[in-house]
Every structure is written in C-alpha cells, then in structure tokens.
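Down below is the structure, laid out as structure tokens.
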Amino acid sequence: MVSEIVTLQAFLEQWAGEDPTKAEIASTVRTIASTGVGIADLVARGPLEEGLASARGTDPNAGGDTQKELDVIAEECLRAALRETPVAYLASEESEELIALNPRGNLVVAVDPLDGSSNIDTNVSVGTIYSILPFSDEERENPNAAVMKPGTNQLAAGFLAYGPATILVSTLGDGTQVFVYDRDRSEFILAREKVEIPVETKEYGINQSNMRQWDAPMSAWIKDCLAGAEGPRGKNFNMRWVGSMVADAFRIFTRGGVYLYPSDKRKGYENGRLRLIYEAFPVAMLTEQAGGGATDGKTRILDITPHHIHQRIPLVFGSKAEVEKIASYY
Ligand code: AFP
C-alpha cells in the first residue's frame, strides 16, 4: 500500500500536467472509472436485480457470444458517459459497428463492457476492460482504421474488476497502477504505484477440460507442468481458473502466474476465445507495463495488426519467464 492517500483524480492531474492530449486521456479514464462504480453497484445487487444474468433475447452479440442483460446495460452506461468526453467512437464487444459519440473527439475507446458475464449469477468477479486509442482527422472518413492498428498504438488501457473490492488496474504508458474504490470517500485510491509481475511462477490458469482440443506444443507444456518436481520442469505447479479473465488477471498482477486461452479444435475456437482489440490488447499493455509478457502462444500480442474489430486471438499472458517458456514449445 502506498504511504499517503493519492486519489485517481490527483494521480491523473499530476500525470496530465498541461498536456492537452494527456488531459483528454485522463478525463476518459476518470469517466470509465466512475461509470464502473455504477456497474459495480448493479452487480453487487446480485439476484435482487431481476434478470441481470438472463440472456438478452436469442441473438448473440457481435462476436457470436450469448448476450446477457447486464452486458447491454454496461454498454449503455458507457455510451452515455463517454458522450461527454473527447471520445469520437466506441468499439464495443456488444455492438457490430463502431458507435459514434463526440464528433470533435480525438480519441477512440475499445471496450468489453462486461467481461465474465457468464458468471454474473454465480457471484464471481466480473469486470470492464478498455483500451484508449488516438483518433486523427484523416480517420474521420474511415473510423474503423483507428482500431485496425497494432496494440503498440494504444495510449492507455485498463480494466475494472467488480469483486469484493472494486478495483481499477490502469496504465497510461508509464507503468501499471492499481486503484481501489473507497466507498467512504467515493474516490478511487492508489494502492500500488508500480505493479511488478514476478518473472517466474508456479501457477497457471487454463480451462483444462479443453485439453484434447489443444495443439501439440500447448499439450506438451501442460503435460510437463503436470509432471511436477519429478518431471522436466523440476517443480510442482498450482492451477487457478476463475472463468472470468479480469479475476485471473488481477491475481496474476498480484502474485504472478500465467493465463492461457489457446486456440483449440472446437468450431469457433480456431483463434481461441478472447477478443484481440478490446480484451487481449489492453491486458497485454497492462502486463508489459508491469514487466510481464503477452503472446498468442508465440507472437507478441502488441505487434499483431487486427483484420476485424471482433477478431479472436489465442492469449497467453503473465510472468515473463513462463510466457517465454511456453513460446519455446512452439
Ligand atoms: P464471458 O464474458 O462470456 O463470460 O467470457 C469470459 C471469458 O471471455 C474470459 O473472461 C474467461 O477467462 C473465459 O471467457 C472463460 O472461458 P471458458 O468458459 O471457456 O473457460
């Protein structure tokens, strides 16, 4: 815990200084964070809030996933709040096309409004994942071009986790910070100024039930981990899989580990399950800013150029040495 009380507002003001672009990024982060508090309050009502976890009609969302009532509500809250910020367009998992917001905006936000929504009715932490991108005048004719760039193009990224605590993990390109929402003060308070993910780990997270679907290198890496101290890795591993990436990610930012959602042979999972632009890119930026690694198994996530807003990507991120070890199996 940091020694003195530093609010998110104060941290952002200090970072932005007199720079107008930084000030626009700062106001966007503040808006997303405060919208997240409203979503957290809704999530915290659990079954009292009838139907939050219910499937919204029968149509899947843009990427083909089942849409829950709270997915849509979360997006609507973000759309309404971001209209007041310098954000020209919003790319959202819940909408096929970019959503036009502020016509004079110089930024684009890509967001998964509610990640982990298949867990809403099980009281498991869920969250909101966001990426903040530059938006230039040349792109006004073709706004999609603003999101079809490698992940290194991101200006800022973060996620909120709605769990026992309401957490914001944020990077502005200068390290990764953790803020905790203090309901007594109605402020996010800085808890960790510079997250450093342990380079080595003995903990991984993967949905092991898909083992028969994985490619040979992924199966070989898991098999070696399962062999424990007597096996080629010479150490025993532990496994954690929440089924909600923001929860698994926060554990990794807290004590290290590696998260894996590889491609598999199931229809629709040829490129894994996670979305490149509004899930893998932001988490990869946060991870690298905290000294970790993020790949699609072998290639650095932030170097990948998207070809579709809702494209999926295999995702491995966390403790740098283990992410590199996994890549060595390919
Ligand atoms: P939902 O948002 O549909 O719950 O998906 C969550 C998620 O994208 C990610 O947060 C989890 O790590 C992963 O899916 C869990 O996938 P499995 O249910 O296949 O294990």
Side-chain angles (χ1 to χ4, degrees), residues 36 39-40 42-43 46 52-75 78 92-95 110-131 157-163 167 169 203-214 218 222 239-253 257-284 286-287 294-297 301 309-318:
I39 298 170
L42 205 48
V43 167
L52 284 185
S54 57
R56 172 101 171 195
T58 53
D59 303 336
N61 67 10
D65 296 337
T66 310
Q67 203 166 44
K68 300 291 189 326
E69 193 59 34
L70 191 55
D71 283 320
V72 178
I73 294 170
E75 182 190 81
L78 287 160
S92 163
E93 176 166 26
E94 305 311 329
S95 295
V111 69
D112 178 359
L114 203 87
D115 179 65
S117 49
S118 57
N119 299 296
I120 293 168
D121 48 359
T122 62
N123 202 36
V124 163
S125 298
V126 293
T128 299
I129 309 171
Y130 66 87
S131 170
F159 65 79
L160 290 132
Y162 312 125
I167 298 281
V169 183
E203 191 164 71
Y204 66 86
I206 196 166
N207 183 333
Q208 191 111 0
S209 69
N210 299 322
M211 188 155 192
R212 65 189 180 285
Q213 313 283 4
W214 297 330
M218 187 54 65
I222 287 282
M239 200 188 103
R240 283 283 183 277
W241 185 250
V242 180
S244 180
M245 183 171 71
V246 293
D248 286 309
F250 189 67
R251 185 189 60 254
I252 289 166
F253 283 97
V258 61
Y259 171 103
L260 305 97
Y261 211 111
S263 59
D264 71 50
K265 301 183 189 95
R266 289 175 294 166
K267 185 174 177 323
Y269 284 76
E270 303 78 8
N271 289 304
R273 178 184 173 113
L274 278 298
R275 310 289 176 176
L276 177 58
I277 289 175
Y278 39 77
E279 291 177 326
F281 274 169
V283 165
L286 289 164
T287 301
T295 68
D296 65 0
I301 288 286
I309 292 185
H310 301 292
Q311 112 180 49
R312 295 178 193 266
I313 192 80
L315 180 59
V316 174
F317 70 88

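Atoms within each ligand, like the ligands themselves, are counted from 1 in listed order.
Atoms of ligand 1 found under 4.0 Å from any heavy atom of W241, numbered from 1 in the order shown, are 12 (O), 15 (C), 20 (O). Heavy-atom proximity to N207, at under 4.0 Å, picks out these atoms of ligand 1: 17 (P), 19 (O), 20 (O). Within ligand 1, counting atoms from 1 as listed, the ones closer than 4.0 Å to a heavy atom of M245 are 9 (C), 10 (O), 11 (C), 12 (O).
Of the N or O atoms in D248, none lie within a sub-3.5 Å distance of an N or O in ligand 1. The distance criterion of under 3.5 Å between nitrogen or oxygen atoms is not met by Y269 with respect to ligand 1. Polar contact check, R273 against ligand 1: a nitrogen or oxygen pair lies under 3.5 Å apart. When only interatomic distances are considered, the shortest N/O to N/O separation between S117 and ligand 1 falls below 3.5 Å. Checked against a 3.5 angstrom limit, the closest N/O atoms of N210 and ligand 1 fall outside it.
The local environment of CG in N123 is sparse, with at most 12 non-hydrogen atoms from other residues, nucleotides or ligands closer than 6.0 Å.
Exactly one of L160, L70, V246 qualifies for a side-chain contact (heavy atoms from CB on, under 4.5 Å) with L114. That residue is L70. Considering I206, T295, I301 as possible partners of V316, the one that fulfils the side-chain contact (heavy atoms from CB on, under 4.5 Å) test is T295.
Expressed to the nearest 0.5 Å, how far NE2 of H310 lies from CG of L276 amounts to 12.5 Å.
Taking R212 as the reference, nothing meets the salt bridge (charged side-chain N to carboxylate O under 4.0 Å, His left out) condition, with sequence neighbours excluded. With sequence neighbours excluded, the residues that form a salt bridge (charged side-chain N to carboxylate O under 4.0 Å, His left out) with E75 are R79.
A cation-pi arrangement, defined by a distance under 6.0 Å to the six-membered ring centre and an angle within 45 degrees of its axis, is present between R266 and Y269.
For atom 15 (C) of ligand 1, the nearest non-hydrogen atom from the set A249, G127, G116, G243 comes from G243.
Only the backbone of S244 comes within 4.0 Å of ligand 1, judged by heavy-atom distances.
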